[in-house]
Every structure is written in structure tokens, then in C-alpha cells.
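In what follows, a single structure is set out as C-alpha cells and then discussed.
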Amino acid sequence: MPELPEAETIRRQLASLVTGAKVRHVEVHIARSARGHESPEELAALVEGRTIREVGRRGKAVLLFLDSKRPSTLVIRLGMTGAVKVVPPREPEEKYTAGVVELSDKRQIRYVDQRQFGQMVAYQGHDPNSMPEFAGYGPEPLSDAFTTGYLKQVLSRRSAILEVVLMNQQIVAGIGKIYADEICFRAGLRPTRRASSLTGPMRERLWRATREVLTEAVEYRGTSTLDETYRDAYGMPGRFQERLFVYQRAGEPCKVCGTPIRRTAMPGGRGMHWCPKCQK
DNA sequence: AGTTGGACCTGACTGC
DNA sequence: TGCAGTCAGGTCCAAC
């Protein structure tokens, strides 16, 4: 599912493909995917006729910053199965195409979302902090605001398990199931352990693992496992699945010590994957 | 306030 | 072969 590395991959590709392009027309094909608006027209009015000045990202969301005079932002939250592609005109439309942004050069930015957990929503202005979806969001894990001091401050007060805390966007933005599992593995910490139980050295390892895993995953252009529908803006799969140590590897031998990887249900019933020998 | 559990959604998979 | 049931998970909301 698209998390920070997948959203960042799409951001970079969109930036090179559509920066400077003008939006001619916007169509909403799945109303649910534009549920933040009263009507498709309301969304279109904030986007049509404007020029894409910059492409940004906040957590797992891709942001198209439009115009500078009457600034607005088109936010695309990818949810579980969202994908954003830039296609030539008259490319056959695939199933679950939720929104189409037609550019004045006739190319289209297509937003496809099979499970429709994602969302396309536009706002006036360019400041993500003023948008309700990002209210209270934690720091970007690859920014300078993400430090071991910050981790101490937020983790020491949390009784929830580490996996849940890592996936909490209010603590740190952009981490979901895949990378929470992988970060815990590389930090040598069980995802089942209470966040407040981490010692200083453990937080140091967690901080380092977070930066390393996410940075490497961006370099590999995200993760596309067998049942992941994730594709980048060119329709290509990512390659980080080659580098997964634990995610979706229950029962398979640990790549470090050979012990079978375990799967434990976390609150809510979702699986956490971890090595009982490498992670304490 | 923090934590937990259910709902949303569809396709893939399992078991009878 | 077919069909019901289960699982997957990002995020919101309700309940404890």
C-alpha cells in the first residue's frame, strides 16, 4: 500500500512530468473518491485553469501546488490502493479510475483507486498545516524535525505497542504496515513491545532504522509485493520487495538468522511480522 | 487523552 | 465448479 516511499516516488516523477503544465479540465468518475467536496464542480473550480507550480508531499499524500496568484492545492491521498499516473491522450481508461486531470497539452493525470479508501480533495492556499487532513500531523521522518529527542518525548508517554505508535500519523507522518514492520526489524525491536519501554539506545536504533529503511525504500521506488497494486507514475512496480526482511514473510526463514518469521495480530486484527530471535 | 475495535471497499484466496 | 466466508489495511469514528 502506498506509504511515504511510494508517495515520494510519485511526487518526484510528477514533479518532472507536469511541473509548469496547465490544468484544462477535471473529471470525477467515482463520487466517493471526492467525498471532501459537496460536488465535483466545487473541486473543479479550485483546480481548472490553474498551472501546476510544484509537486509536494505530506506523509502519504501527494500535493499539487497550483498557481501563485489564487493559490490552491490538489491533495491526493492514496489510501490502500491508490495510484497516480500520467498518460497520453486517449489511453484506454482502466477500471476504478476515480479522477482525471486533463492538462492543456492533452496529457492526463489519472487517479485510480480500487478500494476507494483514498481521496482527491482541493483547498485554497498552499499550506498543508491549514488543511484538516494534516491537522496535528507529526514531523516528516526524513526531515530535521525528526530527532531522537522528539522520539523520547513522544514514546515515553505511550503505552500502546510500538507498531501502532509508528503507524500513528500524529506521531510521525508517512509510515504504514510495510515500513513499520521493516523499521522494527532493522531496529532489533519487537513491534509488540510497549513504546514507553524503549531505552535511550533503543530509541537511537529506532531513529536510525526509520531513516535508513525509508531512504532505501525511496531509492528502490517503493514496494510492490504480489498482492500490492502499487505502481509508480509510469505504471511501473517498485523494487523494495527484494529488500523486505519480515513483511508478509510469516513462516519463512529470517534472512539474518534463519528462524521462522512470526506473525502476531495487532489491535484491530492486522498482522505484524517479526523475527523472534533478532528482535527483542 | 489515549487506546481499542468496527466500518468502509474490492479482489484474492480458502474450504466445503 | 461454485459459492460463502475470510483476509488485507489507511483512516475515520465510536466506545471504553
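Residue numbers start from 1 in every chain, and the chains themselves are labelled A, B, ... in the order their sequence lines are given, proteins ahead of strands.
- Of the candidates B:dT3, B:dC8, C:dT11, the closest approach to any side-chain atom of A:R32 belongs to B:dC8.
- Among the protein residues, A:G118 comes within range of no part of the nucleic acid, since none of its heavy atoms lies under 4.0 Å from any strand.
- Between A:Y247 and C:dG9 there is a side-chain polar atom (N or O) within less than 4.0 angstrom of OP1 or OP2.
- Taking only side-chain atoms of A:R157, from C-beta outward, the nucleotide of C:dC7, B:dG2, C:dG10 with the closest atom is B:dG2.
- Comparing atom distances between the A:M167 side chain and each of B:dT4, C:dG10, C:dA8 picks out C:dG10 as nearest.
- Note on A:D67 versus A:K69: no salt bridge recorded, every NZ/NE/NH1/NH2 to OD/OE distance being 4.0 Å or above.
- Atom-to-atom, CE of A:M266 to C1' of B:dT4 comes out at 11 Å; the value is rounded to the nearest Å.
- Both A:R263 and A:I175 lie close to DNA chain C; mapped to their nearest nucleotides by heavy-atom distance, the more 5′-ward contact belongs to A:R263.
- For A:Q116, the listed nucleotide lying nearest its side chain is B:dT10; candidates were C:dG10, C:dC12, B:dT10.
- Contact annotation for A:Q119: no contact, since no heavy-atom pair falls under 4.0 Å across all strands.
- In this structure, A:K95 and A:S159 both approach DNA chain B, and ranking their closest nucleotides by distance from the 5' end singles out A:S159.
- You cannot call A:F117 stacked on the base of C:dT11; the centres under 5.5 Å and planes under 30° rule is not satisfied.
- One interatomic measurement links the two molecules: NZ of A:K177 to P of C:dG10, which rounds to 7 Å at whole-angstrom precision.
- One finds no salt bridge joining A:E102 and A:K106 here, because no Lys/Arg side-chain nitrogen approaches an Asp/Glu carboxylate oxygen to under 4.0 Å.
- Remark: A:R270 is not in phosphate contact with B:dG6, judged by side-chain N or O atoms under 4.0 Å from OP1 or OP2.
- Of the residues near DNA chain B, A:A160 and A:Y96, the one whose nearest nucleotide (by heavy atom distance) lies more toward the 5' end is A:A160.
- Using a cutoff of 4.0 Å between basic side-chain nitrogens and carboxylate oxygens, A:R58 and A:E140 are scored as salt-bridged.
- A close approach under 4.0 Å does not occur between any side-chain nitrogen or oxygen of A:R115 and OP1 or OP2 of C:dG10.
- Across all their heavy atoms, A:G251 and A:P260 have their closest contact at O-CB, 4.0 Å.
- Summarising the geometry, the separation between CZ on A:R158 and C1' on B:dT4 is reported as 13 Å, rounded to the nearest angstrom.
- A salt bridge does not link A:E48 with A:R24: every distance from a Lys NZ or Arg NE/NH1/NH2 to an Asp or Glu carboxylate oxygen is 4.0 Å or more.
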